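Down below is the structure, laid out as structure tokens.
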Amino acid sequence: MSPDTTAQHSQTLSRGLRSLEILADAPRGLSIAELSAALGVHRSIAYRIVRTLEDHSLIVRDDAGKITSGPGLAALARGVSRDLQTAALPELTVLANELGMTAFVAVWDRHDCVTLVTVEPRHSSAAVAQRPGTRHAFSAGAPGIAIQSAVSQEDWERLAPGQLYREEAAAARLQGFATSHDEVIAGLSSVAAPIRVSGGLPAAVAVVYIRSAHPEAELGLRIAGSARTIEEQLS
């Protein structure tokens with residue numbers, strides 16, 4: 001296989017994966033024309049990508065031709081950090097319903113902090129939605145600070161060269177949890193604690209909210225306790 005062919009195959013795969021990312025972030029279904037514009041490719045190329053992804057149930061099209069994420073992605077998602085998801089889900093459910101806030105676990109994905117699994121409270125109409133797959137840079141948000149706090153600055157520079165190690169991570173290491181306000185989305189606050197995964201990169205358990213009846217320090221200690229519970233389940 002020639003280098004040109006290899007590069008072409010890699011580009012095709014990259015475009016397919018990028019299509020899935022675009023559709024996951026879209027608030028509604030996209031047309032072929034909208035997807036091709038987002039990818040920066042001709043409609044015929046976008047159409048071939050769509051047909052291939054449809055064959056694997058990774059996307060679906062409705063009667064109007066709008067494209068959305070498909071059920072095949074759910075099957076793939078179940079295998080991502082399976083042990084962490086299994087260990088975290090019961091504790092996230094307790095945490096969300098006890099505090100009346102959306103609780104979630106975030107993991108380290110290259111340059112970003114990505115939501116792995118999330119639980120919204122059963123009896124709260126004001127809870128903030130946090131979709132699995134949501135990502136933001138480590139430069140913003142309590143989950144990223146919490147993940148950084150689980151490693152030393154020296155280890156961070158080795159594992160994530162060129163990425164800033166936030167000063168707040170040192171304070172979070174001492175108190176066991178991290179906080180943020182108006183960093184990822186204006187008006188939202190988050191509290192997070194690190195989950196140390198044996199043999200793997202650290203993760204974080206967190207809540208996100210608009211306002212809380214609980215003092216921030218109380219929230220931090222409660223979430224740090226949830227992190228320890230999840231760690232025990234992983235051990």
Side-chain angles (χ1 to χ4, degrees), residues 1-90 92-93 96 102-122 127-138 140-141 143-144 184-185 188 197 200-201 203-204 206 208:
M1 183 178 293
S2 70
D4 287 346
T5 303
T6 302
Q8 186 178 31
H9 284 189
S10 299
Q11 184 182 60
T12 300
L13 176 59
S14 178
R15 284 171 173 169
L17 296 175
R18 180 63 186 138
S19 298
L20 295 175
E21 292 172 346
I22 291 168
L23 291 167
D25 289 337
R28 55 179 177 77
L30 299 180
S31 67
I32 289 283
E34 289 169 328
L35 180 59
S36 66
L39 287 171
V41 301
H42 192 273
R43 284 184 59 169
S44 62
I45 296 175
Y47 182 75
R48 289 197 296 270
I49 292 170
V50 166
R51 288 296 302 271
T52 301
L53 295 176
E54 276 186 310
D55 289 344
H56 295 275
S57 298
L58 298 177
I59 62 171
V60 294
R61 280 187 284 179
D62 63 18
D63 293 340
K66 293 291 187 178
I67 310 160
T68 57
S69 299
L73 288 174
L76 294 177
R78 286 198 299 270
V80 178
S81 301
R82 188 190 304 272
D83 290 346
L84 180 55
Q85 289 195 60
T86 301
L89 192 56
L92 291 179
T93 302
T102 297
F104 62 98
V105 165
V107 295
W108 190 341
D109 179 32
R110 296 183 296 171
H111 302 296
D112 295 329
C113 189
V114 179
T115 299
L116 175 68
V117 60
T118 181
V119 174
E120 296 180 18
R122 283 193 300 266
V128 178
Q130 178 82 6
R131 294 186 304 168
T134 300
R135 63 176 59 234
H136 59 80
F138 279 99
V184 178
I185 299 176
L188 296 186
V197 180
L201 296 172
V208 60

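Given the structure is predicted, the values throughout are model-derived calculations rather than measurements.
Shortest non-hydrogen contact noted between Val105 and Ala203 is CG1-CB, 4.4 Å. Residues Ala87 and Pro90 come closest through the heavy atom pair O-CD, 3.7 Å. Looking at every heavy atom in both residues, His136 comes nearest to Gly144 through CE1-N, 4.5 Å.
Formation of a donor-acceptor pair under 3.5 Å by the Asp112 side chain with backbone atoms of Val114 is not found in this model. Remark: the backbone N or O of Ser44 is paired with a side-chain donor or acceptor of His42 at under 3.5 angstrom.
Counting heavy-atom neighbours within 6.0 Å of Arg43 CZ, excluding the residue itself, gives a total of 12 or less.
Atom CG of Asp83 and atom CD of Gln85 lie 10.0 Å apart (nearest 0.5 Å). Within the model, atoms CG of Leu20 and CD1 of Ile67 stand 11.0 Å from one another, a figure rounded to the nearest 0.5 Å. Considering CG of Asp109 and CG of Leu201, their distance stands at 10.0 Å, rounded to 0.5 Å. The CD atom of Glu21 sits 8.0 Å away from atom OG of Ser14, with the distance rounded to the nearest 0.5 Å. Note that CG of Leu17 is 11.0 Å distant from CD1 of Ile22, once rounded to the nearest 0.5 Å. Atom CG of Leu39 and atom CZ of Arg18 lie 7.5 Å apart (nearest 0.5 Å).
Leu58 places none of its side-chain heavy atoms less than 4.5 Å from the side chain of Ser69. Inter-residue side-chain proximity for Leu30 and Leu23 is flagged as met; some heavy-atom pair is nearer than 4.5 Å. Side-chain contact check for Leu89 versus Val119: some heavy-atom pair is nearer than 4.5 Å. Side-chain contact between Cys113 and Arg135 is absent, with no heavy-atom pair separated by less than 4.5 Å. Considering only heavy atoms from C-beta on, Val50 stays 4.5 Å or farther from Ser19 through its side chain.
In summary, the side chains of Arg51 and Tyr47 do present a donor paired with an acceptor at a separation below 3.5 Å, with no hydrogens or angles considered.
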